[in-house]
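Per chain, numbering begins at 1; letters A, B, ... match sequence-line order. Computed from a prediction, not measured in an experiment: that's the story for all the values here.
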There are 2 protein chains.
Amino acid sequence: MRVAELSRRTGVSVASIKYYLREGLLPAGERTGPNQADYGDAHVHRLRLVRALLDVGGISVAAAKEVLGVVDDEHVTLHDSLGVAQDAVMRRSEPLEDEAGARAEKVLDDLASRRGWRVSPENPGRRAVVDVLATLERLDHGEVGGLLESYAAAVEGFADEEVGAVVVEEDRGRSVEGVVTGIVLGGALLLGLRGMAQENASRQRLV
Amino acid sequence: MRVAELSRRTGVSVASIKYYLREGLLPAGERTGPNQADYGDAHVHRLRLVRALLDVGGISVAAAKEVLGVVDDEHVTLHDSLGVAQDAVMRRSEPLEDEAGARAEKVLDDLASRRGWRVSPENPGRRAVVDVLATLERLDHGEVGGLLESYAAAVEGFADEEVGAVVVEEDRGRSVEGVVTGIVLGGALLLGLRGMAQENASRQRLV
């Protein structure tokens, strides 16, 4: 199909499609003339995925480019794709090196060892948690950091199911796409449900 | 203290401080001369909070302005502050009106009624969940949406503790600041721990 038809089928403007092509989020179509290319169903699907990551998942174009690069690179294993996708979507701020940071590292290492979690020091989630815990202490909002154990118990309850859900035997591409979708959209799903449960809890306590 | 001292104590540049003052994220200091103002400890604290929300929580300046407005407005109750803070940080995309959207609404209403959650139709989390579920169906990644029940059980396990943690008797300002901090930084904490637990689960399944 031509680009106009691709736009009609996906509801994405031709200008946006051209932008995604330039940014490498969408692979080029098959060239059929000097100013013309042909697109297939794979482009329709990829375009929907790009819009889902950007509009619903709320990640940046740069982060989307990184995670889609993992989907396309057959040399990245399913396990490694998890780390790369996490890295692309998690916040990276320059951590301060102070006592609060050192204490946060210690608290988190103790938690991981008590729960028997094997996690590499470079895990993007680990880095984020250290940063948040130290920030909460510096802000004197330790009560939020006090939820650490409850959050850890909660994520432990579904992490194995999350990994299992995306593994499709013999189809690396689909599995990796599931990892990426799961990290970005699954994260939005989890936070949305948390918002609902918080309103319900707040109604019972505060209204 | 002068702005230079405020900058030194917080590690935030004078240019950034002036930007936050212009944007209304930081209240003006007490004017002591035509080009001079005096800042106090409350400014130091507010500046740390602003940086935490932006750099660690990853929210936009516009969203930070909204949530800080709730902290400052004594007419907003603690229960209402939760909704406003959620609204400021959750993704808003224009939902498509199609069958996938209608099915997602139905699935979510069934879940809430089965779990006895009392949640208003305007809850920002509810809106986000409907959007994500419909998007996952359109993308043919229903396996991620299949985690809905497990996520719901998980958030139910800590929502009441989250609300209870931030309530400080007779101190509305501190409680609301806790709500805001909890929603933004607590969310980052939860997603970071999820990343750690996922690596651990993936190691056991896939390595």
Side-chain angles (χ1 to χ4, degrees), chain A residues 48-49 52 55-56 58 78-79 82 86 91 93 117-119 123-126 128-129 131-132 135-136 139 141 143-144 146-147 150-152 154-163 165 178 181-182 185-203 205-207, chain B residues 48-49 52 55-56 58 78-79 82 86 91 93 117-119 123-126 128-129 131-132 135-136 139 141 143-144 146-147 150-152 154-163 165 178 181-182 185-203 205-207:
Chain A
R48 290 198 176 121
L49 181 59
D55 294 352
V56 184
L78 193 50
H79 177 71
L82 187 77
Q86 284 184 358
R91 214 54 226 159
S93 66
W117 289 2
R118 288 176 54 212
V119 178
N123 179 283
R126 183 185 182 285
V129 172
D131 202 12
V132 172
T135 301
L136 287 168
L139 281 177
H141 276 293
E143 79 277 11
V144 177
L147 290 154
S150 300
Y151 286 161
V155 299
E156 208 172 67
F158 57 67
D160 184 65
E161 191 185 343
E162 284 183 310
V163 174
T181 308
L185 297 190
L189 192 60
L190 179 63
L191 290 185
L193 286 165
R194 173 181 180 243
M196 293 175 68
Q198 282 177 337
E199 181 187 331
N200 180 57
S202 170
R203 224 174 251 287
R205 264 187 191 260
L206 304 177
V207 178
Chain B
R48 289 198 176 122
L49 181 59
D55 295 353
V56 183
L78 193 50
H79 177 71
L82 186 78
Q86 285 183 359
R91 216 50 224 160
S93 66
W117 290 2
R118 287 176 56 211
V119 178
N123 180 284
R126 183 184 181 284
V129 171
D131 201 14
V132 172
T135 301
L136 287 167
L139 280 177
H141 276 293
E143 79 276 10
V144 177
L147 290 154
S150 300
Y151 286 161
V155 298
E156 208 173 66
F158 57 66
D160 183 66
E161 190 184 343
E162 283 182 311
V163 174
T181 309
L185 297 189
L189 192 60
L190 179 63
L191 290 185
L193 285 165
R194 173 181 180 241
M196 293 175 67
Q198 282 176 338
E199 182 187 330
N200 180 57
S202 171
R203 225 174 249 288
R205 263 188 190 261
L206 306 175
V207 179

| message | Determine whether B/L139 and A/L185 satisfy the following criterion, side-chain contact (heavy atoms from CB on, under 4.5 Å), listing intermediate values before the conclusion. | response | CA-CA 11 Å; B/L139 280 177; A/L185 297 190; 4.2 Å; yes
Closest contact, heavy atoms only, [X] versus [Y]:
{"X": "B/V163", "Y": "A/Q198", "value": "CG2-O, 3.9 Å"}
{"X": "B/M196", "Y": "A/V119", "value": "O-CG2, 3.5 Å"}
{"X": "B/T181", "Y": "A/H141", "value": "OG1-CD2, 3.7 Å"}
{"X": "A/L82", "Y": "B/S202", "value": "CD2-CB, 3.7 Å"}

| message | Heavy-atom pairs under 4.5 Å with chain B: which of A/V144, A/L136, A/V132 has the most? | response |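 Of the candidates given, the most pairs with chain B belong to A/V132.
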| remark: Heaviest contributor of heavy-atom pairs below 4.5 Å to chain B, chosen from A/N123, A/L78, A/L191, is A/N123
| message | Return the CD to CG distance between B/E156 and A/L193, rounded to the nearest 0.5 Å. | response |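 Going from CD on B/E156 over to CG on A/L193, the span is 10.5 Å.
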| request: Could you grab the distance from atom CG of A/L147 to atom CG of B/L190, nearest 0.5 Å is fine? | output: 10.0 Å
Quick one: what part of [X] sits under 4.5 Å from any heavy atom of chain B, side chain, backbone, both or neither?
{"X": "A/Q86", "answer": "side chain"}
{"X": "A/R118", "answer": "both"}
{"X": "A/L189", "answer": "both"}

| said: Does any part of the side chain of B/T135, heavy atoms only, come nearer than 4.5 Å to the side chain of A/D55, both counted from C-beta? | reply: no
| Considering only heavy atoms from C-beta outward, does the side chain of A/V155 approach that of B/Y151 to under 4.5 Å? | no
| Among B/G187, B/G146, B/A188, which residue forms the greatest number of heavy-atom pairs with chain A at distances under 4.5 Å? |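 When all of B/G187, B/G146, B/A188 are compared, B/G187 has the most.
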| Using a cut-off of under 4.5 Å for heavy-atom pairs, which of B/E161, B/E143, B/R48, B/H79 has the most such pairs with chain A? | B/H79
| message | A/A128: which residues meet the side chain to side chain contact (heavy atoms under 4.5 Å, CB included) condition with it, sequence neighbours left out? | response |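 Checked A/A128 against side chain to side chain contact (heavy atoms under 4.5 Å, CB included); matches are A/M90.
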| task | With sequence neighbours excluded, give me every salt bridge (charged side-chain N to carboxylate O under 4.0 Å, His left out) pair touching residues 185-197 of chain A. | result | A/R194-B/E162
